[in-house]
Amino acid sequence: MQQRTIGDRTVSAIGLGGMPMSIEGRPDAERSIATVHAALDAGVTLIDTADAYHRDANEVGHNEELVARALREYGAGAADVLVATKGGHLRPGDGTWTRNGDPAYLKRAAKESARRLGVEAIGLYQFHRPDPAVPYAESVGALRDLLDEGVIQMAGISNADIAQIDEAREVLGGRLASVQNQWSPAFRSSRQELEHCAGLGIAFLPWSPLGGIANAKDLAERHGVFQRVADETGASVYRVTLAWHLALAPVVVPIPGASRPASIRDSAAAADLELTADQVALLSA
């Protein structure tokens with residue numbers, strides 16, 4: 001599979017987002033583990049998770065534990081996988097999302113995530129979403145301290161604007177490895193952040209690159225131009241969409257969520273689909 005770079009690590013150009021395996025409507029654990037194994041078989045070496053990817057209030061870290069189990073059961077072939085997790089978002093169990101950017105909380109959360117993942121140091125730890133009650137520099141300062149303490153190997157941020165990207169770079173002393181923002185055919189307001197990351201050489205990880213759990217099934221209907229290119233290439237509209245992501249900049253590493261082996265196999269194949277310049281321009285218009 002085509003490779004890309006996050007910080008000092010080389011990863012597959014397509015990652016796997018773990019959220020659908022752990023929130024409402026999730027499949028049983030065996031199908032989720034089969035999905036992770038299918039991703040690894042297809043050459044995926046980046047898995048994105050978070051401590052907030054769970055359904056019930058008493059199961060914080062459900063997806064982290066699921067990913068850790070899948071990697072253990074896969075065996076030695078999982079040694080090169082970069083597991084990226086996040087902290088600072090919480091789910092109280094009623095379907096809502098809350099935030100906590102308190103530095104002390106983030107440090108505790110990171111150490112708990114490392115324990116659940118079964119690692120001495122988290123490969124990539126990301127501040128999940130800014131907390132308006134806490135100065136951004138203080139929240140990111142927790143990641144700086146975690147880097148210095150060796151609790152995490154790389155630091156990233158999520159749901160950030162350009163000013164926050166620049167502030168995080170400054171707080172981290174130039175060690176910002178990634179930015180994870182929403183980006184898809186339907187959601188393009190992160191274009192400036194994507195281009196900013198491309199200019200800085202910082203990995204840009206689009207979340208919900210196919211439009212999200214609820215909307216992905218309607219991608220072809222809502223964005224007919226993507227289906228037109230799919231018809232031209234003989235690939236699925238989902239594969240075309242991810243290939244478009246990859247064509248936008250060499251720092252882009254989309255992380256489509258999946259809960260079925262067939263879905264991640266199709267997504268992974270996007271790394272080998274080359275679109276023409278005209279097709280990229282058409283999809284980007």
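From a predicted model like this one, the values you see are computed outputs, not experimental measurements.
Note: Leu46 CG to Arg9 CZ = 9.5 Å, rounded to the nearest 0.5 Å. In this structure, CG on Asp51 lies 4.5 Å from OG on Ser113, to the nearest 0.5 angstrom. The CZ atom of Arg26 lies 8.5 Å from the CD atom of Glu24; values are rounded to the nearest 0.5 Å. Separation of atoms CD (Gln180) and NE2 (His128) is listed at 6.5 Å; rounding is to 0.5 Å. The CZ atom of Arg191 lies 7.5 Å from the CG atom of Leu194; values are rounded to the nearest 0.5 Å. One distance of note links CD1 of Ile264 with CD1 of Ile47; it measures 9.0 Å at 0.5 Å rounding.
A single hydrophobic cluster is not seen to contain both Leu117 and Val60; linkage of ILVMFWY side chains at heavy-atom distances under 4.5 Å, directly or through other members, places them apart. A chain of hydrophobic side-chain contacts below 4.5 Å, direct or via other Ile, Leu, Val, Met, Phe, Trp or Tyr residues, connects Val140 to Tyr125. Transitive grouping of hydrophobic side chains (ILVMFWY, heavy atoms separated by less than 4.5 Å) keeps Val119 and Met154 in distinct clusters. By the criterion of side-chain heavy atoms lying less than 4.5 angstrom apart, applied directly or through intervening Ile, Leu, Val, Met, Phe, Trp or Tyr residues, Met19 is not grouped with Ile33; the two fall into different hydrophobic clusters.
Formation of a donor-acceptor pair under 3.5 Å by the Ser208 side chain with backbone atoms of Gly211 is not found in this model. At least one donor-acceptor pair under 3.5 Å links the side chain of Ser190 to the backbone N or O of Gln182. The main-chain N or O of Val67 is never found under 3.5 Å from a side-chain atom of Arg72 such that the two would form a donor-acceptor pair. With hydrogens and angles ignored, the 3.5 Å screen pairs no side-chain donor or acceptor of Arg222 with any backbone N or O of Ala186. Remark: the backbone N or O of Gly88 is not paired with any side-chain donor or acceptor of Arg99 at under 3.5 angstrom. With hydrogens and angles disregarded, no donor-acceptor distance shorter than 3.5 Å links the side chain of Glu73 to the backbone of Ala70. Panel note: side chain Tyr136, backbone Ala160; no donor-acceptor pair is recorded below 3.5 Å. Under the 3.5 Å distance criterion, the side-chain polar atoms of Ser12 are left unmatched by any main-chain donor or acceptor of Gly15. Between the side chain of Asp218 and the backbone N or O of Glu221 there is no donor-acceptor pair closer than 3.5 Å. No side-chain donor-acceptor contact under 3.5 Å links Asp56 to the backbone of Asn58.
Contact record, Gly101 with Asp131: N-OD2, 2.9 Å, taken as the closest heavy-atom pair. Closest heavy-atom contact between Ile157 and Ile165: CD1-CA, 3.9 Å. Closest approach of Leu16 and Met21 over heavy atoms only: CD2-CE, 3.8 Å. Closest non-hydrogen pair, Ile255 versus Trp207, comes out as CG1-CA, 4.3 Å. For Ile23 against Ile213, the heavy-atom pair with the smallest separation is CD1-CD1, 3.7 Å. The minimum heavy-atom distance linking Ala29 with Arg69 is given by the pair CB-NH1, 3.9 Å.
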TODO: Under the side-chain contact (heavy atoms from CB on, under 4.5 Å) rule, what do Arg4 and Leu246 come out as? Steps first, then yes or no, please.
DONE: CA-CA 10 Å; Arg4 298 220 158 165; Leu246 295 176; 3.7 Å; yes
Open item on the list: Between Arg144 and Leu147, does the side-chain contact (heavy atoms from CB on, under 4.5 Å) criterion hold? Intermediate values first, please.
Closed with: CA-CA 5 Å; Arg144 177 199 58 220; Leu147 277 171; 5.6 Å; no
Open item on the list: Under the criterion side-chain contact (heavy atoms from CB on, under 4.5 Å), I'd like the reasoning laid out for Arg55 against Ser22: C-alpha separation, chi angles, the key distance, then a yes or no.
Closed with: CA-CA 6 Å; Arg55 183 187 63 199; Ser22 291; over 6 Å; no
TODO: Tell me, with the steps shown, if Thr49 and Glu64 meet side-chain hydrogen bond (donor to acceptor under 3.5 Å, both in side chains).
DONE: CA-CA 6 Å; Thr49 181; Glu64 292 174 326; 5.3 Å; no
- [ ] Starting from the C-alpha separation in whole Å, work towards a yes-or-no answer on side-chain contact (heavy atoms from CB on, under 4.5 Å) for Leu40 and Leu71.
- [x] CA-CA 9 Å; Leu40 272 56; Leu71 295 178; 3.8 Å; yes
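Aromatic ring pairs are classed by plane angle as parallel below 30°, tilted from 30° to 60° and perpendicular above 60°; the pair Trp183 and His245 is perpendicular.
With respect to Arg228 and Glu232, no salt bridge is recorded, no charged nitrogen being found less than 4.0 Å from a carboxylate O. A salt bridge is absent between Arg175 and Glu170; no separation between the charged side-chain nitrogens and carboxylate oxygens falls under 4.0 Å. Ion pairing between a basic and an acidic side chain is recognised when a charged N comes within 4.0 Å of a carboxylate O; Lys107 and Asp145 show such pairing.
Put simply, the residue from Val280, Thr276, Leu282 that forms a side-chain contact (heavy atoms from CB on, under 4.5 Å) with Asp278 is Thr276. The side chain to side chain donor-acceptor pair (under 3.5 Å) with Tyr53 is formed by just one residue from the set Arg91, Lys86, His89, Glu59; it is Lys86.
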